[in-house]
Amino acid sequence: MSVRVRFAPSPTGFLHVGGARTALFNQLFARSQGGVFVLRIEDTDTERSTDTSTQAIFDALRWLGLTWDEGPGVGGEHGPYFQSERGEHYLAALRRLEAAGAAYPAYETPEELEAMREAQTQRGESPRYDGRARDLSGAERAAFEAAGRRPAWRFRLPASGETAWDDIVRGRIAFQNEVLDDFVLVRSDGLPTYNFACVVDDIAMRISHVVRGDDHISNTPRQLLIYSALAAAPPRFAHASMILGPDGKRLSKRHGATSVEAFGEQGIVPEAMVNFLALLGWALDGKTELFTLAELERVFTLERVGANPAVFDTAKLEWINAQHLKRLAEPDRIARVTAFLRARGHDLSGRSEAWIREFVHALGDRLKTLADAETVGGFALAEDVTYEPDAWASLLQRPQADDKLTALAGAIAADSEGSLASIEAAIRALAAERGIKFGDLVAPARVALTGRSASPGIFEVVHLLGREQSMARLRAAAARWAAEAPAAAG
RNA sequence: GGCGCUAUCGUCUAGGGGUCAGGACGGAUGGUUCUCAGCCAUCAAACCGGGGUUCGAAUCCCCGUAGCGCUACCA
C-alpha cells in the first residue's frame with residue numbers, strides 16, 4: 001500500500017508551532033516512505049477562515065522548507081484541495097449515509113440544544129444529544145420544514161459496542177460507543193462539520209496514514225464510525241503529543257511567539273526550527289541532536305515518535321539555531337545576516353562587499369540568533385556609539401583611561417597602513433611601550449569604540465570602524481572620561 | 001462531572017526485569033583567548049506515589065495522584 005499523508009490546517013490564524021510540527025512529521029513520514037504529502041485546507045468554518053490565514057500558512061510552510069506533493073498551487077489528481085470547493089463530495093457521502101440509515105435530519109435550534117444540555121447537566125448527566133430526532137416521521141419532518149427549519153444531519157450512532165484502533169504511537173485505544181452521541185455531519189447551512197469532511201476527503205484522497213496531534217484522539221472514534229458506515233477502510237492513525245509552554249499548559253499566544261513567522265523575525269533560521277521541532281516528540285537515538293531536513297527525511301519513523309507532551313524550550317531552540325548558523329557556508333551566512341539586518345531597517349547600501357564579509361566574519365560564533373547581529377555588531381552599524389551604562393561605569397573606574405584612549409588614537413592615526421595586521425602591531429606596540437598590560441589597554445578601548453564591555457576582537461572592531469571613526473570615538477570617550485571621572489572618583 | 005492520553009535530571013530525551021539509568025540544552029566550576037562568544041575539561045541534577053508479580057521492578061500489572069486534551073450545527 002502506498003503511503004499518502006496529509007496536513008490539513010484550518011486557515012483561522014497563523015501557522016502555530018504545533019501545526020508546523022504536525023506538517024513536518026507528515027512530510028518526514030511521507031518522504032521516508034517514498035510516499036505522497038498532501039496539503040488540504042479545511043476551510044469549512046466560513047466564520048473564521050480567511051484568505052490571509054491561508055496565505056500565511058503557505059508562507060510559513062514554505063519558509064520552513066516544507067513542500068507538498070499535492071495541494072494548493074501544485075494540483076494533483078484528488079483535488080480540489082480546499083474543502084470549501086468540495087461541497088458535492090460531502091453531499092454525495094451524506095446521501096449514501098442517509099440511504100444506509102446512518103444519517104438523519106434533526107431540526108433543533110441552537111437554543112433548544114442548549115436548553116437540552118442545561119437540563120442534562122442539572123440532572124447530573126453528561127451533556128449529549130439525546131437522539132430526539134432519530135425517528136421523526138415524514139409528517140413531523142414536513143412540519144418542521146413547513147415552519148421554515150433547515151435540518152442539521154446527524155450520525156446515527158450504534159447503541160453499543162466499542163470503537164478501537166491501534167495507534168502507531170500509543171498502541172490500542174478504545175472508546176465505548178455509548179459515551180459518544182449522534183454528532184452533526186452536515187450543518188443546517190449545508191456545510192459539513194470537521195469530522196465528516198475530514199473522513200470524506202481522507203477517503204477520496206486515499207490517505208493511508210493520519211498523523212496529527214493528540215487533541216484529535218477523541219475525534220477518532222467518530223471518524224472511524226463514519227468510515228465504517230461508508231464501508232471504507234480506515235487509515236492508520238498516529239497521534240503525536242501536544243507541545244506545551246514552559247508552564248506546562250498548551251502552548252498559546254500567552255507564551256510569546258508561537259507563530260512560525262515570529263521566530264523568523266526573531267532571527268531563528270528555518271533549518272533550526274525544523275531541527276528543533278523534529279526533536280520535540282521524536283528522537284533518533286537519544287544522542288543525535290543536529291539534523292538537516294534531508295537527513296530527517298531519511299531517518300524519521302513514526303515508531304520513534306513519543307507519546308508524552310513536550311515543553312517548548314526556547315533556550316534549546318537557540319542553541320540549535322547557533323549550531324546551524326555555525327554550519328552555514330560563509331556566503332550563505334552573509335546573505336542571512338544582511339537580509340535580517342535590512343529587514344530590521346539597517347541600510348547596508350553604502351557598505352562594500354568586503355566590509356560586509358569582514359563584519360559577518362567578525363561576528364563569528366557570537367550569534368545564537370540572527371538578531372544577535374544587531375546587538376553584537378551594532379557598534380559598526382550606527383554612526384554614533386551608544387554607551388551601555390554598566391560599560392561606561394566600568395570605564396570610569398579605570399585609572400588614566402583618557403590617557404590610554406588618546407594614546408591609542410594617536411597610534412591608530414600613525415598607522416598609515418590600516419590593515420588588520422598593522423592595527424594589531426600598533427596596539428601591541430603601544431602597550432609594550434607604555435608598559436601596560438595588553439588587556440588594560442584593550443578594555444577601555446572596547447568600551448570607547450563599541451559602547452559595550454563585550455565585543456568582537458578589538459582589531460576587527462578598529463578595522464571595521466575605520467581609522468577616522470575609531471579615532472573620533474576614542475577621543476570623544478577620552479574627553480568625556482576626563483569630564484566625568486573625577487566626579488565619579490569623588 | 002464524563003471520556004481519553006501522558007508520567008525518566010529544571011527542559012528535550014535514550015534505555016528497559018539485574019545498567020555506575022546514557023546523551024543534549026540550561027546551570028556551576030576550571031582552562032584557553034584582548035572581552036564576549038566559541039572550544040576543552042570537570043561537577044550537580046531524574047525513573048510521580050502506593051500496592052502486586054518476581055530471587056530481583058525504574059522497566060510488567062493494578063490502584064491512586066497530577067498534568068493535559070476532548071466533551072459545539074470550531075477545527
Side-chain angles (χ1 to χ4, degrees), chain A residues 8-12 42-45 47-49 83 106 108-110 113-114 117 121 124-129 150-154 167 169-170 173-176 178-181 183-195 197-198 212-221 239 241-242 244 246 248-250 276 279-290 304 306-320 322 326 363-368 372 376 391 424 427-428 431 437-443 445-447 450 452-459 461:
Chain A
S10 66
T12 53
E42 308 219 328
D43 53 355
T44 55
D45 182 350
E47 297 284 301
R48 299 196 302 148
S49 299
Q83 290 190 327
E108 295 77 22
T109 62
L113 293 173
E114 184 48 46
R117 276 191 287 266
T121 312
E125 298 168 14
S126 38
R128 74 178 62 171
Y129 184 68
R150 306 298 308 153
W153 288 81
R154 287 183 179 268
D167 197 274
V169 342
R170 284 153 215 275
I173 301 179
F175 284 78
Q176 293 303 313
E178 59 203 24
V179 312
L180 273 19
D181 68 358
F183 56 93
V184 171
L185 298 167
V186 174
R187 299 183 276 231
S188 51
D189 62 4
L191 291 171
T193 59
Y194 162 72
N195 283 122
C198 176
R212 63 197 349 178
D214 75 3
D215 47 338
H216 285 290
I217 288 180
S218 40
N219 284 318
T220 308
H239 288 98
S241 58
M242 312 245 66
L244 310 177
K249 304 282 184 205
R250 191 231 282 261
F276 177 69
L279 256 20
L280 233 39
W282 174 86
L284 175 65
D285 53 12
K287 294 195 191 325
T288 319
E289 309 273 345
L290 269 14
R304 295 197 64 84
N308 45 331
V311 173
F312 191 96
D313 180 9
T314 308
K316 181 122 185 196
L317 204 212
E318 292 190 347
W319 175 77
I320 289 177
K326 281 173 77 165
L363 261 21
D365 288 335
R366 274 166 273 252
L367 308 182
K368 282 223 291 279
D372 292 333
V376 176
E424 172 163 7
I427 296 177
R428 289 199 189 278
K437 284 203 299 193
F438 184 66
D440 289 336
L441 181 57
V442 166
R446 167 167 290 111
V447 176
T450 70
R452 300 160 56 95
S453 46
S455 81
I458 200 70
F459 316 130
V461 167

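Keep in mind it's a predicted model, so treat the numbers as computed, not measured. Order of the sequence lines fixes the chain letters, A, B, ..., with proteins taken first and strands second; residue numbering starts at 1 for each chain.
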So, [X] side chain and [Y] main chain: donor-acceptor pair closer than 3.5 Å or not?
X       : Y       : answer
R304(A) : W282(A) : no
D167(A) : H239(A) : yes
T193(A) : L185(A) : yes
R250(A) : M242(A) : no

OP1 or OP2 of [N] under 4.0 Å from side-chain N/O of [X]:
X       : N      : value
R304(A) : G15(B) : yes
R117(A) : C73(B) : yes
R128(A) : U71(B) : no

If we call it a pair only when both distances are under 3.5 Å in a Watson-Crick or G-U wobble match, what pairs with [N]?
N      : result
U54(B) : none
A75(B) : none
U19(B) : none
C36(B) : none
A66(B) : U6(B)
A44(B) : none
G26(B) : none

Look at the side chain of [X] and the base of [N], then say whether one donor and one acceptor between them are separated by less than 3.5 Å.
X       : N      : result
R170(A) : C5(B)  : no
T193(A) : C73(B) : no
N219(A) : A75(B) : yes

Looking only at the side chain of [X] (C-beta and beyond, no hydrogens), which of the listed nucleotides [options] gets closest?
X       : options                : result
R250(A) : A37(B), C5(B), C70(B)  : C70(B)
D45(A)  : U6(B), A75(B), C34(B)  : A75(B)
S126(A) : G1(B), C34(B), C12(B)  : G1(B)
R366(A) : C34(B), C74(B), A37(B) : A37(B)
D365(A) : A37(B), A75(B), U35(B) : A37(B)
A283(A) : G69(B), G4(B), A14(B)  : A14(B)
F175(A) : C74(B), G4(B), G38(B)  : G4(B)
A454(A) : C36(B), C68(B), A75(B) : C36(B)

When rounded to the nearest Å, what value does the distance between [atom1] atoms of [N] and [M] take?
N      : M      : atom1 : answer
A14(B) : G50(B) : P     : 25 Å
C73(B) : C68(B) : P     : 25 Å
C61(B) : A57(B) : C1'   : 11 Å
U8(B)  : G49(B) : P     : 11 Å
G26(B) : C12(B) : P     : 15 Å
G18(B) : U6(B)  : C1'   : 28 Å
U29(B) : C48(B) : P     : 31 Å
U71(B) : G15(B) : C1'   : 37 Å

Atom [atom1] of [X] and atom [atom2] of [N]: how far apart are they, to the nearest Å?
X       : N      : atom1 : atom2 : result
L191(A) : C74(B) : CG    : P     : 9 Å
N308(A) : U6(B)  : CG    : C1'   : 7 Å
L441(A) : U33(B) : CG    : C1'   : 16 Å
R212(A) : C70(B) : CZ    : P     : 13 Å
D181(A) : C70(B) : CG    : C1'   : 12 Å
Q176(A) : C3(B)  : CD    : C1'   : 10 Å
L290(A) : C12(B) : CG    : C1'   : 14 Å
L244(A) : G67(B) : CG    : C1'   : 8 Å

Of the non-hydrogen atoms in [X] and [Y], which two are nearest, and what is the gap between them?
X       : Y       : value
T450(A) : S455(A) : CG2-CB, 3.8 Å
C198(A) : R212(A) : SG-NH2, 4.2 Å
L441(A) : I427(A) : CD2-O, 3.7 Å
F438(A) : A431(A) : CA-CB, 4.1 Å
G306(A) : S241(A) : O-OG, 4.0 Å
R446(A) : R452(A) : CG-O, 3.2 Å

The residue, D189(A) or R428(A), whose nearest nucleotide of RNA chain B is more 5′ is R428(A)
When the nearest nucleotide of RNA chain B is assigned to F459(A) and to P9(A) on a heavy-atom basis, which residue is associated with the more 5' position? F459(A)
What is the nucleic acid contact for [X], judged by heavy atoms within less than 4.0 Å: base, sugar-phosphate only, or nothing?
X       : result
H216(A) : base
E318(A) : nothing
G281(A) : sugar-phosphate
G364(A) : nothing
P456(A) : base
I427(A) : nothing
T44(A)  : sugar-phosphate
L280(A) : sugar-phosphate

Per-nucleotide protein contact along nucleotides 19-30 of chain B, 5' to 3', at a 4.0 Å heavy-atom cut-off (B base, S sugar-phosphate only, - neither), is ---BBBS-----
Check against side-chain contact (heavy atoms from CB on, under 4.5 Å), V311(A) and K316(A): CA-CA 11 Å; V311(A) 173; K316(A) 181 122 185 196; over 6 Å; no
Can you say whether the rings of F312(A) and F276(A) are parallel (under 30°), tilted (30 to 60°) or perpendicular (over 60°)? perpendicular
